[in-house]
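Structure first, then comments.
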Amino acid sequence: DISQAAADTGIPAFLVGGIVRDLFLNHPNDDIDIVVEGNGILFLEHLYQQFGGDIKTHEQFATGTWRHPSGQMIDVTSARLEYYSHPASLPDVEKSTLKEDLYRRDFTINSMALSLNNQYFGRLVDPFNGQNDLRRKRIKVLHNLSFIDDPTRILRAVRFEMRFNFQMDRQTETLVLHSIGRIKDLSRDRLNGQMKRLLNEGSPSKIILRLFELNFWKQLGINEHSQKKSVTHSEKLEDVYRQYEGLQAGWFIYFIIPFYHSDVLYTAKQYAVTKKSKKLIQDIYTLSDNTEWKSISNVGMMHSYLKDISEEAVLFIISSENVHNEKAIMTYLKRRKNMPSLLTGEDLIKQGLTPSPEFKKIIMNLDAAVLNEEIQTKDD
Ligand code: ATP
C-alpha cells in the first residue's frame, strides 16, 4: 500500500530506522517508520482515501500516523522539505533530503533506509555503512558532536549494546567519555525516561557496571569507589527477584543502588516521581534506622516492624548485606502478600466496641497469628 501511495502521489517513500536494522538482524519489531521525500500530510491523506483505516496528523511537523485496516500503526514523517531554484538539480535534491534525515539520527545501524518506490523497491540506502557495523556488532555515531547535540544518545548507545550484545567502537566510546558531563544538562524526565528504557532492557547489574565504566554515575554525584558494592548488590537483587515469584522489579530500585552505596541516597529523591519510588527511598531509610527487624525469626513478630514497609524496600536491604534471618523474612513477605485483611477497626466498632488504642493491638495480634499460621483463614 505504501509503495502504491508513493507511485500514485509521486512522493518517494522509505522504510527507515529501527525496523530496517531489525529486519537485517531478524529481530522482531512492530514499529513501522516511513520517511517520505515530500509532503507527509498529503501522503497520509492519500493512504487513508485509498486504503481506509484511520489517520492522525500533526500539520505543524508534517508528520502523522496511519492505522492500517489490519490495526498496524505506521508512522510517517517528512524528510526536511527544501526548495531549490534549479529545477534541473531536483533528482539530486530528492536523494539528499532522505540523506539529511538519516544524518540527524543516532547510530550507523539506525541510519539505514529501504526504498519502497516501485522501480527501486527494496533497495538499501546506507550512507554511513550501517550494514558493516551490523556485521561487526558495532554501535557507532555518525559524527563527533552527536553526544553533545543530544546526550540521551549516550544511554541509547548502552541500551543497544545490551540488547544486541554489540559494542561501541573505540571512537564512539572516547566521544562518550568526553561528552559525559552533558548528562547533567538533561531534565529529570528525559533522564528518567532513558534510564527506565535502559534498565528494562537487560541485566541491571551489567548496565550499572557499564555506566560506571563510562563515568556516568559520577555525573550524578556518585563516588566511583561504590562500583564494586553497587554491582554486587544489583547481582544479588536480580537473584532475589528471580526467586521471588510474582513480583517484577521496577527500574528505579536498581537506579538508586549506586546512590545508596555512595551514602547519597537522599539525592536520589529528586528522581523519584511516583508514589511508589518515593516510598521506596523512605522505607529504605526506615529499615536502616531501626535494624531490630534483622534479628527476628518469628514471622508474626516481624509484622510489627515491617507491616508498613514495601516488600521492594525489604528485598533491597536483604540483597545488599548478609541478613541471617533472610529465610524468615522471605517467608514473612510471601505470607503477608496472601494475607486477607481479617479485621479492621471498623469491624470492631460494628461489634459494639468503643474505639481505643487496644484496637491496634488486637488487630496486630490477630495478623501475627495468621502469619505464624497459628490460625486458619477462611481462604485456606
Ligand atoms: P526500539 O526498538 O527501542 O524502539 P528504535 O531504534 O526503533 O529502538 P526509537 O526510539 O523508536 O528506537 O527510535 C526510532 C529511530 O529514530 C531510531 O532507530 C533512530 O534512527 C532515531 N532516533 C531515535 N532517537 C534518536 C535520538 N535521540 N537521536 C537521533 N536519532 C534518534
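In listed order, ligands and their atoms are each counted from 1. Everything numeric here is computed off the predicted structure, so don't read it as measured data.
- Heavy-atom neighbours of R136 CZ from other residues, nucleotides or ligands within 6.0 Å: at or below the threshold of 12.
- Of the candidates I19, N110, D106, the one placing a heavy atom closest to atom 31 (C) of ligand 1 is D106.
- Contact atoms of ligand 1 toward T152: 27 (N) (distance under 4.0 Å to a heavy atom of the residue).
- Interface atoms of ligand 1 facing D150, defined by a heavy-atom separation under 4.0 Å, are 26 (C), 27 (N), 28 (N).
- Among protein heavy atoms, atom 28 (N) of ligand 1 sits closest to R153 NE, 2.8 Å.
- The nearest protein atom to atom 1 (P) of ligand 1, hydrogens excluded, is given as R163 NH2, 3.6 Å; this is a heavy-atom distance.
- The protein atom (non-hydrogen) at minimum distance from atom 10 (O) of ligand 1 is R156 NH1, 2.9 Å.
- Here is the list of ligand 1 atoms found below 4.0 Å of a heavy atom in G17: 18 (O).
- Between F316 and H233, the distance separating the two ring centers is shorter than 6.0 angstrom.
- In terms of protein heavy-atom proximity, atom 16 (O) of ligand 1 is nearest to R105 NH1, 3.4 Å.
- Contact annotation for R190 and ligand 1: no heavy atom of the residue comes within less than 4.0 Å of the ligand.
- When ring centroids are compared, Y332 and H303 come within the 6.0 Å threshold.
- Of all atoms in ligand 1, numbered sequentially from 1 with element shown, those under 4.0 Å from a heavy atom of G18 are 6 (O), 7 (O), 18 (O).
- Ion pairing between a basic and an acidic side chain is recognised when a charged N comes within 4.0 Å of a carboxylate O; D283 and K278 show no such pairing.
- Regarding atom 6 (O) of ligand 1, its nearest protein heavy-atom neighbour is R21 NH1, 2.8 Å.
- Residue-environment remark: NZ (K229) stays at or below the threshold of 12 foreign heavy atoms within 6.0 Å.
- The heavy atom nearest to atom 4 (O) of ligand 1, out of those in V141, L155, D31, V20, is found in D31.
- Electrostatic pairing of R335 and E311 does not count as a salt bridge here, judged by no charged N lying under 4.0 Å from a carboxylate O.
- For atom 14 (C) of ligand 1, the closest heavy atom belonging to the protein is D33 OD2, 4.2 Å.
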Fill in: side chain to side chain contact (heavy atoms under 4.5 Å, CB included) between M195 and W251, worked out
CA-CA 8 Å; M195 286 308 291; W251 67 279; 3.7 Å; yes
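- A distance below 6.0 Å separates the ring centres of H143 and Y103.
- Interface atoms of ligand 1 facing R159, defined by a heavy-atom separation under 4.0 Å, are 3 (O).
- The pair K137-D133 fails the salt-bridge criterion, with no side-chain N (NZ, NE, NH1 or NH2) lying under 4.0 Å from an Asp/Glu carboxylate O.
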